[in-house]
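Indexing begins at 1, ligand by ligand and atom by atom, following the structure's order.
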Amino acid sequence: MATEFKLPELGENIEAADVVAVLVSEGDTVIKDQAILEIETDKATIEVPSTVEGKITNLLIKVGDKVKVGATILIVDEGKIVESKIKSESGIKKDNKTSEVKTEPEVEYKATPITKSLFKKEIVDFYLPELGENIEAADVLNVLVKVGDVIEVDQAILEIETDKATIEVPSSVAGKVVEVLIKSGDKAKVGQVIIKVEAADVESVETKIENKDEAKETTRQSAKKETVPIPTGERPSIQPMELDDQPPILKGAAPAAPSVRRIAREIGVDINKVPGSGSNGRISMDDVKAYSKKLHESYAKGGGTGLNIKSESLPDFTKFGVIKKTEMTNIRKKTADHLSYAWASIPHVTQFDKADITLLEKTRKELNKENEKSGTKLTVTAILVKIIVEALKEFPQFNSSIDMEKKEIIYKEYFNLGVAVDTDFGLIVPVIKNVDKKSLTEISVEMNALAEKARNKKIGLDDLQGGCFTISNLGGIGGTYFTPIVNSPEVAILGVSRGALEPVWNGFGVFEPRLLLPLSLSYDHRIIDGADAIRFLRFVVEALEQPLRLL
Ligand code: CAO
């Protein structure tokens, strides 16, 4: 006998729904409660279970259709069906408990009245929801409910520990706990049944919770109901507004249709991080696409570095003692942003060496004494500026920048050197332009003038731009070694620490007191190899040790 299966009542004021997936085909044999359709209303996405049994002779809807409540979905022939055919065609169990489809040669099925409501009081399984990318299981620390408890949506029912955090798992179902299937000390797998609940008499629209097996179409066709009610309240309180660095939403399974989840998984998007725009935070296909687009944009903004750092929230320091707050100066803000970017986006390596500047210092001091009257002072930094220009000529990759988006290296044929200046309001790096065309004295004069301007807040924007390489000399203040941060988009920086007298073996049986200058060369390992960095630094050391060659 031919029986029609019509779209049943879906709830108050819901007259139609969009067909998101059709889970059966013509010729299939369906049984009662087997999911045959996935539909989306403006309230939720639900799987529609069959209320008829038999072989499908006519399938009258397809994905994308809008179906009205009461419209015929399919027609079945509910005659006698050979059991083996059922098994081979649908591979299913008759219900969600234990009873397999009977093994007698023939089973007679009767159609259930089409008017049967989707919304009913029933026992539902609560599964351990998805906990985040690559988290498949967690240790159960505490089970917070027991049989007989009446629980509410969002009530914590379990305390679990993953390798990332300790989490309270909230229920996504309200009702009376009839079975607890887990205990402290157990390892719970995502998708595993935790408790069984006699659901409260609410319009608990059902959704299928995903696990790995669900990706398989065969399982999707299964009549075995793996369903949990979607929380009827607001979406979990941890709002997923940030991108990939945010923790997943842990309060309940992300509300999304299985088809949406599957696409998210296929394109590598963690569904738990997608902000849902639908009612109660329901995640649509468009939400997944928008999130994925934003994710790619944020990667692109990071220059292809994937840099997407979110600040951690600070503790309340007043709990530990008295505090005072001041606003960051603009220089401090810019320095913080710039250095954070450089530090996170450039793979830094720092190479150390020491230069014997005994002779150089003797000569420098003598020259300064001779030139005392002119007021021109030759400084260690000015000498280093001159040496670095020669080194940049010898090693052009140190005078370059990298364009990661275009995968290009930009070599500069001009020589502008930045010198870090310590000021009362923060670090400033004025740039001495075209150093290769200037004498040591000119460099010295210009550098002192720029440092003075920087300290008196008179520095212009032009004085701060166009640098190729930076020198940071902290030796006037002290210190042995430090690891300077490359001043992006440059690719290397020389850190200079305090020159000091040290005993050096002269090769003839005696330690001699020599003035050694500690040098630290930080470089961008994407473009500069370690061997080149040593050669570059050796070049600088040798130039400092043989000042006559420099002249
Ligand atoms: N080792 C030992 N003594 C050093 C030295 C070193 N590495 N560098 C400088 N000195 C000495 C100088 O010889 C000078 O002594 P004399 O007066 O006897 O000659 C004295 O320290 C002061 O030097 P200076 O500061 O006048 O001149 P400079 O060219 O060496 O330095 C400048 C100029 C602008 C680099 C420096 O004033 C400065 O601001 N340094 C701090 C840079 C900085 O903050 N870097 C940090 C960046 S990361 O946070």
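Remark: D353 engages L537, R538, V541 in a side-chain contact (heavy atoms from CB on, under 4.5 Å) (not counting sequence neighbours). Here F511 pairs with W505 under the ring pair (Phe, Tyr, Trp, His ring centres under 6.0 Å) rule; sequence neighbours left out. The ring pair (Phe, Tyr, Trp, His ring centres under 6.0 Å) test applied to F536 returns F395, F398, F469, not counting sequence neighbours.
In the model, D356 has a side-chain atom that pairs as donor or acceptor with a side-chain atom of T358 under 3.5 Å. Side-chain contact, T376 with N371: no donor N or O sits under 3.5 Å from an acceptor N or O.
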- request: Check step by step if salt bridge (charged side-chain N to carboxylate O under 4.0 Å, His left out) holds for R364 and E361.
  value: CA-CA 5 Å; R364 188 181 72 86; E361 271 300 273; 2.6 Å; yes

Extract all N/O-N/O pairs under 3.5 Å that connect ligand 1 to the protein, and present each with both atom names and the distance rounded to 0.1 Å.
from	atom 1	to	atom 2	distance (Å)
ligand 1	1 (N)	G499	N	2.8
ligand 1	7 (N)	N473	OD1	3.1
ligand 1	7 (N)	S497	O	2.8
ligand 1	8 (N)	N473	OD1	3.4
ligand 1	8 (N)	N473	ND2	2.9
ligand 1	13 (O)	R364	NH2	3.0
ligand 1	17 (O)	K377	NZ	2.9
ligand 1	19 (O)	R364	NH2	3.3
ligand 1	29 (O)	T379	OG1	2.8
ligand 1	29 (O)	T381	OG1	2.8
ligand 1	30 (O)	T381	OG1	3.1
ligand 1	30 (O)	N473	ND2	3.4
ligand 1	31 (O)	T381	OG1	3.3
ligand 1	37 (O)	R455	NH2	3.0
ligand 1	39 (O)	D422	N	3.1
ligand 1	39 (O)	R455	NH2	2.8
ligand 1	40 (N)	N473	O	3.0
ligand 1	45 (N)	S472	OG	2.9

